[in-house]
Amino acid sequence: MPDVSDPPTMRPRLLAEMCGTCVFRPGNLMHLRPGRLAELVRDALTRDSFIVCHSTLPGMAPDGYTPAICRGFADRYSTNALRIIGRLRAFVEVDPPAAGGRPHA
């Protein structure tokens, strides 16, 4: 899993809102094969972790933008990792990457 730590603070990055093509938005905007989203969610829940936003992954994100936790997942599911980070008030909220543009972080 990609490191979601914010480089300056080393606190976990969480998108402030869902990215424009979030897999949790209606309409299968990422053209996932049937059942793939359910697999991603099941894997994250089994690991008691989270999903990293696809638009923040290397190769998908603008240069200089680092991975962040998917807001769509965090708003829908509660895992030990998310609860602990939340209780510590340790999230660094960042804007999603601009479509085809520069980081908003």
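All values derive from a computational prediction rather than experimental measurement. The residues of the chain are indexed from 1 along the displayed sequence.
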By the rule that ILVMFWY residues connect when side-chain heavy atoms come within less than 4.5 angstrom, directly or transitively, which residues belong alongside Leu88?
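Taking Ile, Leu, Val, Met, Phe, Trp and Tyr as members, Leu88 shares its hydrophobic cluster with Ile84.
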
With sequence neighbours excluded, what pairs up with [X] under the side-chain hydrogen bond (donor to acceptor under 3.5 Å, both in side chains) test?
| X | value |
| --- | --- |
| Asp48 | Asn80 |
| Arg47 | none |
| Arg87 | none |
| Ser49 | none |

Residues that [X] engages under side-chain contact (heavy atoms from CB on, under 4.5 Å), provided they are two or more places apart:
| X | answer |
| --- | --- |
| Arg89 | none |
| Thr9 | Asp6, Arg11, Val92 |
| Thr56 | Leu15, Val52, Cys53, Tyr65, Pro67, Ala68, Pro97 |
| Asp3 | Ser5 |

Check [X] against [Y] and note the closest heavy-atom contact, atom names and distance.
| X | Y | value |
| --- | --- | --- |
| Ser78 | Arg83 | OG-NH1, 2.7 Å |
| Phe24 | Gly72 | CD1-C, 3.6 Å |
| Cys19 | Ser55 | CB-OG, 3.4 Å |
| Ile69 | Ala74 | CG2-CB, 4.4 Å |

Passing candidate, side-chain contact (heavy atoms from CB on, under 4.5 Å) with Val23, options Ile51, Leu29, Leu37:
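Exactly one option meets the side-chain contact (heavy atoms from CB on, under 4.5 Å) with Val23, and it is Leu37.
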
Is Arg13 reaching over with its side chain to a backbone N or O of Thr66, donor-acceptor style, under 3.5 angstrom?
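Indeed, once roles are kept as given, a pair shorter than 3.5 Å links the two residues.
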
Using the test salt bridge (Lys or Arg N to Asp or Glu O under 4.0 Å), find all partners of Arg33 that sit at least two apart in sequence or belong to another chain.
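In terms of salt bridge (Lys or Arg N to Asp or Glu O under 4.0 Å), with neighbours along the sequence ignored, Arg33 is linked to Glu39.
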
Quick one: pull up CZ in Arg42 and OG1 in Thr46 and give me the separation to the nearest 0.5 Å.
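If we round to the nearest 0.5 Å, Arg42:CZ and Thr46:OG1 are 7.5 Å apart.
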
Can you list every pair that meets ring pair (Phe, Tyr, Trp, His ring centres under 6.0 Å) and has a residue in residues 66-98, with sequence neighbours left out?
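Every ring pair (Phe, Tyr, Trp, His ring centres under 6.0 Å) pair that includes a residue of residues 66-98, provided the two are not neighbours, is Phe73-Tyr77.
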
Per the side chain to side chain donor-acceptor pair (under 3.5 Å) rule, what does the pair list look like for residues 17-30, sequence neighbours excluded?
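Qualifying pairs, neighbours excluded: Thr21-His54.
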
